[in-house]
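Because the structure is a prediction, the values reported are computed rather than measured.
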Amino acid sequence: MEGIEKITEKIAQDAQAEINKLVAETDEKVKAIQASAERQAQQEASEIVEKGRAAASERLDRLSSASQMERRKLELAAKQEVLGEAFDLALEKLCALPEKEYIALLTKLALAAASSGKEQMIFSPKDRNTVGKQVVMAANDALVKERAPGLPEEITKSKVGTLMDKLIHNTTAIVTGAGLTLSEQTRDIKGGFIMVDGDVEINCAFETLVRLQREQMEKKVADALFQS
(Lines give C-alpha, C1' and ligand atoms only; values in the text may rest on other atoms or scores of the structure.)
Protein backbone atom coordinates (compact mmCIF):
# COMPACT_ATOMS: atom_id res chain seq x y z
CA MET A 1 0.00 0.00 0.00
CA GLU A 2 2.85 2.25 0.77
CA GLY A 3 4.09 2.00 -2.78
CA ILE A 4 0.68 2.95 -4.17
CA GLU A 5 0.53 6.00 -1.92
CA LYS A 6 3.93 7.10 -3.10
CA ILE A 7 2.88 6.71 -6.74
CA THR A 8 -0.35 8.58 -6.09
CA GLU A 9 1.47 11.34 -4.30
CA LYS A 10 3.98 11.58 -7.15
CA ILE A 11 1.17 11.85 -9.69
CA ALA A 12 -0.50 14.52 -7.58
CA GLN A 13 2.74 16.46 -7.29
CA ASP A 14 3.39 16.28 -11.03
CA ALA A 15 -0.18 17.36 -11.77
CA GLN A 16 0.09 20.29 -9.38
CA ALA A 17 3.39 21.30 -10.97
CA GLU A 18 1.75 21.17 -14.41
CA ILE A 19 -1.18 23.19 -13.12
CA ASN A 20 1.17 25.75 -11.61
CA LYS A 21 3.07 25.92 -14.88
CA LEU A 22 -0.14 26.46 -16.87
CA VAL A 23 -1.34 29.10 -14.44
CA ALA A 24 2.01 30.92 -14.71
CA GLU A 25 1.91 30.73 -18.52
CA THR A 26 -1.70 31.92 -18.52
CA ASP A 27 -0.81 34.81 -16.25
CA GLU A 28 2.02 35.78 -18.60
CA LYS A 29 -0.29 35.64 -21.61
CA VAL A 30 -2.96 37.67 -19.84
CA LYS A 31 -0.36 40.26 -18.84
CA ALA A 32 0.93 40.38 -22.42
CA ILE A 33 -2.59 40.75 -23.77
CA GLN A 34 -3.33 43.49 -21.24
CA ALA A 35 -0.11 45.31 -22.09
CA SER A 36 -0.83 45.06 -25.81
CA ALA A 37 -4.39 46.26 -25.24
CA GLU A 38 -3.12 49.19 -23.17
CA ARG A 39 -0.59 50.11 -25.88
CA GLN A 40 -3.28 49.85 -28.54
CA ALA A 41 -5.65 51.90 -26.43
CA GLN A 42 -2.99 54.53 -25.82
CA GLN A 43 -2.13 54.63 -29.53
CA GLU A 44 -5.79 54.95 -30.51
CA ALA A 45 -6.30 57.58 -27.82
CA SER A 46 -3.30 59.51 -29.11
CA GLU A 47 -4.59 59.26 -32.67
CA ILE A 48 -8.04 60.45 -31.56
CA VAL A 49 -6.50 63.34 -29.66
CA GLU A 50 -4.29 64.24 -32.64
CA LYS A 51 -7.22 64.08 -35.02
CA GLY A 52 -9.24 66.18 -32.61
CA ARG A 53 -6.45 68.75 -32.41
CA ALA A 54 -6.13 68.83 -36.22
CA ALA A 55 -9.90 69.18 -36.62
CA ALA A 56 -10.01 71.90 -33.98
CA SER A 57 -7.11 73.74 -35.61
CA GLU A 58 -8.74 73.47 -39.03
CA ARG A 59 -12.05 74.76 -37.66
CA LEU A 60 -10.24 77.58 -35.88
CA ASP A 61 -8.58 78.56 -39.17
CA ARG A 62 -11.94 78.50 -40.95
CA LEU A 63 -13.57 80.58 -38.23
CA SER A 64 -10.64 83.02 -38.25
CA SER A 65 -10.84 83.35 -42.04
CA ALA A 66 -14.60 83.84 -41.91
CA SER A 67 -14.17 86.39 -39.14
CA GLN A 68 -11.61 88.36 -41.16
CA MET A 69 -13.84 88.25 -44.23
CA GLU A 70 -16.83 89.45 -42.21
CA ARG A 71 -14.71 92.23 -40.71
CA ARG A 72 -13.62 93.35 -44.19
CA LYS A 73 -17.27 93.33 -45.30
CA LEU A 74 -18.29 95.42 -42.30
CA GLU A 75 -15.40 97.84 -42.85
CA LEU A 76 -16.30 98.20 -46.55
CA ALA A 77 -19.97 98.72 -45.69
CA ALA A 78 -19.02 101.35 -43.10
CA LYS A 79 -16.77 103.15 -45.59
CA GLN A 80 -19.50 103.09 -48.24
CA GLU A 81 -21.92 104.53 -45.70
CA VAL A 82 -19.51 107.34 -44.80
CA LEU A 83 -18.89 108.07 -48.49
CA GLY A 84 -22.62 108.14 -49.12
CA GLU A 85 -23.07 110.58 -46.26
CA ALA A 86 -20.29 112.80 -47.64
CA PHE A 87 -21.90 113.04 -51.09
CA ASP A 88 -25.38 113.42 -49.55
CA LEU A 89 -24.00 116.36 -47.59
CA ALA A 90 -22.59 117.85 -50.78
CA LEU A 91 -26.04 117.55 -52.39
CA GLU A 92 -27.69 119.21 -49.39
CA LYS A 93 -25.21 122.09 -49.49
CA LEU A 94 -25.84 122.62 -53.21
CA CYS A 95 -29.59 122.76 -52.64
CA ALA A 96 -29.16 125.11 -49.67
CA LEU A 97 -27.02 127.71 -51.44
CA PRO A 98 -28.08 131.35 -50.92
CA GLU A 99 -30.54 132.36 -53.64
CA LYS A 100 -28.11 134.64 -55.48
CA GLU A 101 -25.42 131.95 -55.62
CA TYR A 102 -28.02 129.33 -56.51
CA ILE A 103 -29.29 131.35 -59.48
CA ALA A 104 -25.73 132.03 -60.64
CA LEU A 105 -24.88 128.32 -60.50
CA LEU A 106 -28.02 127.27 -62.39
CA THR A 107 -27.37 129.98 -64.99
CA LYS A 108 -23.84 128.68 -65.51
CA LEU A 109 -25.15 125.13 -65.89
CA ALA A 110 -27.80 126.32 -68.35
CA LEU A 111 -25.18 128.01 -70.52
CA ALA A 112 -23.10 124.85 -70.53
CA ALA A 113 -26.09 122.63 -71.36
CA ALA A 114 -27.77 124.85 -73.98
CA SER A 115 -27.14 123.96 -77.59
CA SER A 116 -29.76 125.60 -79.81
CA GLY A 117 -30.71 128.25 -77.26
CA LYS A 118 -34.36 127.31 -77.72
CA GLU A 119 -34.59 124.61 -75.08
CA GLN A 120 -37.14 124.43 -72.30
CA MET A 121 -36.00 124.30 -68.69
CA ILE A 122 -37.89 122.07 -66.26
CA PHE A 123 -37.41 122.70 -62.54
CA SER A 124 -38.73 121.21 -59.32
CA PRO A 125 -42.09 122.69 -58.24
CA LYS A 126 -40.32 124.77 -55.59
CA ASP A 127 -37.56 126.11 -57.87
CA ARG A 128 -39.98 126.87 -60.69
CA ASN A 129 -41.96 129.15 -58.42
CA THR A 130 -38.96 130.83 -56.80
CA VAL A 131 -35.94 131.03 -59.13
CA GLY A 132 -36.99 129.47 -62.43
CA LYS A 133 -37.88 132.68 -64.26
CA GLN A 134 -34.76 134.46 -63.00
CA VAL A 135 -32.50 131.64 -64.17
CA VAL A 136 -34.09 131.58 -67.64
CA MET A 137 -33.79 135.35 -68.00
CA ALA A 138 -30.20 135.40 -66.78
CA ALA A 139 -29.23 132.53 -69.09
CA ASN A 140 -30.90 134.19 -72.09
CA ASP A 141 -29.16 137.46 -71.35
CA ALA A 142 -25.82 135.68 -71.13
CA LEU A 143 -26.47 133.82 -74.39
CA VAL A 144 -27.25 137.07 -76.19
CA LYS A 145 -24.09 138.68 -74.84
CA GLU A 146 -22.08 135.70 -76.07
CA ARG A 147 -23.52 136.04 -79.57
CA ALA A 148 -23.54 139.84 -79.90
CA PRO A 149 -20.86 142.17 -78.48
CA GLY A 150 -22.26 145.07 -76.49
CA LEU A 151 -21.65 148.73 -77.14
CA PRO A 152 -18.61 150.38 -75.57
CA GLU A 153 -19.04 151.33 -71.94
CA GLU A 154 -18.74 155.08 -72.63
CA ILE A 155 -21.82 154.82 -74.85
CA THR A 156 -23.94 152.65 -72.55
CA LYS A 157 -23.47 155.13 -69.69
CA SER A 158 -26.09 157.40 -71.25
CA LYS A 159 -29.79 156.60 -71.36
CA VAL A 160 -29.75 156.57 -75.16
CA GLY A 161 -26.76 154.24 -75.14
CA THR A 162 -28.49 151.90 -72.70
CA LEU A 163 -31.59 151.76 -74.89
CA MET A 164 -29.47 151.12 -77.98
CA ASP A 165 -27.63 148.31 -76.16
CA LYS A 166 -30.92 146.68 -75.14
CA LEU A 167 -32.24 147.08 -78.69
CA ILE A 168 -29.16 145.37 -80.08
CA HIS A 169 -29.48 142.53 -77.57
CA ASN A 170 -33.19 142.06 -78.27
CA THR A 171 -32.59 142.07 -81.99
CA THR A 172 -29.76 139.58 -81.59
CA ALA A 173 -32.00 137.33 -79.48
CA ILE A 174 -34.58 137.27 -82.24
CA VAL A 175 -32.07 136.67 -85.01
CA THR A 176 -29.94 134.09 -83.22
CA GLY A 177 -32.82 132.33 -81.51
CA ALA A 178 -31.49 132.82 -77.98
CA GLY A 179 -34.69 132.04 -76.19
CA LEU A 180 -34.65 129.48 -73.40
CA THR A 181 -38.12 129.10 -71.94
CA LEU A 182 -39.53 128.12 -68.57
CA SER A 183 -41.49 124.89 -68.96
CA GLU A 184 -44.92 124.50 -67.46
CA GLN A 185 -43.84 121.02 -66.36
CA THR A 186 -42.05 120.23 -63.13
CA ARG A 187 -39.99 117.22 -62.05
CA ASP A 188 -39.47 115.52 -58.72
CA ILE A 189 -35.84 116.60 -58.29
CA LYS A 190 -34.06 118.15 -55.33
CA GLY A 191 -32.32 120.89 -57.26
CA GLY A 192 -30.98 121.85 -60.66
CA PHE A 193 -33.09 121.38 -63.78
CA ILE A 194 -33.84 119.23 -66.81
CA MET A 195 -33.20 120.89 -70.18
CA VAL A 196 -35.44 119.65 -72.98
CA ASP A 197 -35.09 120.15 -76.72
CA GLY A 198 -37.71 118.05 -78.49
CA ASP A 199 -37.06 114.43 -77.59
CA VAL A 200 -33.62 115.19 -76.17
CA GLU A 201 -33.21 115.74 -72.44
CA ILE A 202 -30.11 116.91 -70.63
CA ASN A 203 -30.25 115.99 -66.97
CA CYS A 204 -28.74 118.74 -64.84
CA ALA A 205 -30.54 117.68 -61.66
CA PHE A 206 -28.19 118.07 -58.71
CA GLU A 207 -28.66 114.48 -57.56
CA THR A 208 -27.63 113.25 -61.02
CA LEU A 209 -24.61 115.56 -61.15
CA VAL A 210 -23.50 114.50 -57.66
CA ARG A 211 -23.91 110.82 -58.58
CA LEU A 212 -21.77 111.28 -61.70
CA GLN A 213 -19.15 113.13 -59.68
CA ARG A 214 -19.18 110.34 -57.11
CA GLU A 215 -18.40 107.79 -59.81
CA GLN A 216 -15.41 109.87 -60.89
CA MET A 217 -14.18 111.08 -57.50
CA GLU A 218 -15.10 108.28 -55.08
CA LYS A 219 -11.56 106.87 -54.90
CA LYS A 220 -10.02 110.30 -54.23
CA VAL A 221 -12.63 111.08 -51.60
CA ALA A 222 -12.11 107.66 -49.99
CA ASP A 223 -8.34 108.19 -49.90
CA ALA A 224 -8.85 111.58 -48.25
CA LEU A 225 -11.32 110.20 -45.67
CA PHE A 226 -9.62 106.92 -44.82
CA GLN A 227 -5.92 107.59 -45.30
CA SER A 228 -3.91 105.96 -42.56
Side-chain angles (χ1 to χ4, degrees), residues 79-153 156-157 159 161-163 165-170 172-174 176-197 200-227:
K79 287 181 178 180
Q80 288 296 326
E81 184 176 352
V82 172
L83 281 173
E85 290 175 355
F87 283 98
D88 287 345
L89 181 60
L91 176 59
E92 289 178 12
K93 287 188 175 182
L94 280 174
C95 294
L97 283 172
E99 185 173 293
K100 187 176 180 180
E101 294 180 27
Y102 191 65
I103 292 172
L105 176 58
L106 294 184
T107 301
K108 186 176 180 180
L109 286 174
L111 293 175
S115 177
S116 67
K118 299 178 181 180
E119 294 90 348
Q120 287 190 333
M121 297 182 67
I122 303 176
F123 294 88
S124 68
K126 176 185 174 183
D127 282 352
R128 187 185 187 283
N129 294 329
T130 54
V131 300
K133 187 177 293 186
Q134 297 178 69
V135 173
V136 170
M137 291 175 62
N140 279 332
D141 189 52
L143 284 172
V144 169
K145 288 180 179 178
E146 284 182 359
R147 300 178 184 188
L151 292 173
E153 184 179 352
T156 57
K157 285 182 179 179
K159 290 183 179 180
T162 302
L163 290 173
D165 192 54
K166 288 183 178 179
L167 179 60
I168 290 173
H169 284 169
N170 291 337
T172 303
I174 295 172
T176 61
L180 298 176
T181 56
L182 179 63
S183 175
E184 294 293 333
Q185 299 180 45
T186 59
R187 294 285 178 88
D188 184 19
I189 57 178
K190 294 184 177 180
F193 57 85
I194 309 295
M195 185 167 282
V196 181
D197 189 2
V200 179
E201 289 192 358
I202 299 177
N203 192 334
C204 293
F206 282 170
E207 47 263 62
T208 300
L209 298 178
V210 169
R211 177 177 57 80
L212 293 174
Q213 285 297 309
R214 177 173 180 171
E215 292 174 359
Q216 297 176 10
M217 299 177 59
E218 188 169 54
K219 186 179 185 305
K220 291 182 179 179
V221 175
D223 290 341
L225 289 174
F226 308 120
Q227 60 183 352

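- With respect to R211 and E207, no salt bridge is recorded, no charged nitrogen being found less than 4.0 Å from a carboxylate O.
- Evaluated for a ring-ring contact (aromatic ring centres under 6.0 Å, His included) with F206, the options F123, Y102, F87 yield exactly one hit, Y102.
- The existence of a salt bridge linking K190 and E92 is excluded, since no basic side-chain nitrogen approaches an acidic carboxylate oxygen closer than 4.0 Å.
- Taking all atoms of both residues into account, the shortest heavy-atom contact from I194 to A205 is CD1-CB, 4.3 Å.
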Requested in this report: Test E99 against I103 for side-chain contact (heavy atoms from CB on, under 4.5 Å), laying out the working first.
Outcome: CA-CA 6 Å; E99 185 173 293; I103 292 172; 3.8 Å; yes
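- Checking side-chain atoms of E119 against main-chain N and O of G117 turns up a donor-acceptor pair under 3.5 Å.
- A donor-acceptor pair is defined here as one N or O able to donate and one able to accept, closer than 3.5 Å; no such pair exists between the side chain of R128 and the backbone of R187.
- Contact record, C204 with A113: SG-CB, 3.9 Å, taken as the closest heavy-atom pair.
- Remark: side-chain polar atoms of N140 are paired, donor with acceptor, to backbone N or O of L180 under 3.5 angstrom.
- With rounding to the nearest 0.5 Å, the separation of NZ in K126 from CD1 in I189 is 12.5 Å.
- Of all heavy-atom pairs spanning A138 and T107, the tightest one is CB-OG1, 3.6 Å.
- For the side chain to side chain contact (heavy atoms under 4.5 Å, CB included) with L106, the qualifying choice from L97, V135, L111 is V135, the only one to do so.
- Closest heavy-atom contact between D127 and G191: OD2-CA, 3.9 Å.
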